[in-house]
Amino acid sequence: MKIGAILASVALVAAVAFGVYMVDIDQTEEGALPTVSIEGGNLPEYEAEVGDIEVGERDITVTVPTVDIESPEEDAVASN
């Protein structure tokens, strides 16, 4: 298993070296950001009529069902 890891490492190093030395990129022209000018603007105006929301609290009694769960291990112990 160590030999396989060593061979994989050597192959990875060889692939990286091949990529670094076989690709040559030269910049042929300088880049520049575009010139942008922003002049005043106007945000839109809106009128809205909304309803009223009343928030309060009250006490309510809720009946919650009970759930009994028996795992397969409990069934095996109960039948013995």
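One is the number of the first residue; the rest follow in order along the sequence. Since the model is a prediction, treat every value here as computed from it, not as a measurement.
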Please write out which residues are connected to [X] in a hydrophobic cluster, directly or through intermediates, given that two of Ile, Leu, Val, Met, Phe, Trp, Tyr count as joined at side-chain heavy-atom separations below 4.5 angstrom.
X: Leu33; value: none
X: Ile38; value: Val36
X: Val50; value: none

Please give me the minimum heavy-atom distance between Gln27 and Glu29, naming the atom from each residue.
NE2-O, 3.1 Å
Run the side chain to side chain contact (heavy atoms under 4.5 Å, CB included) test against Ile60 and tell me which residues pass, sequence neighbours left out.
Arg58, Val62
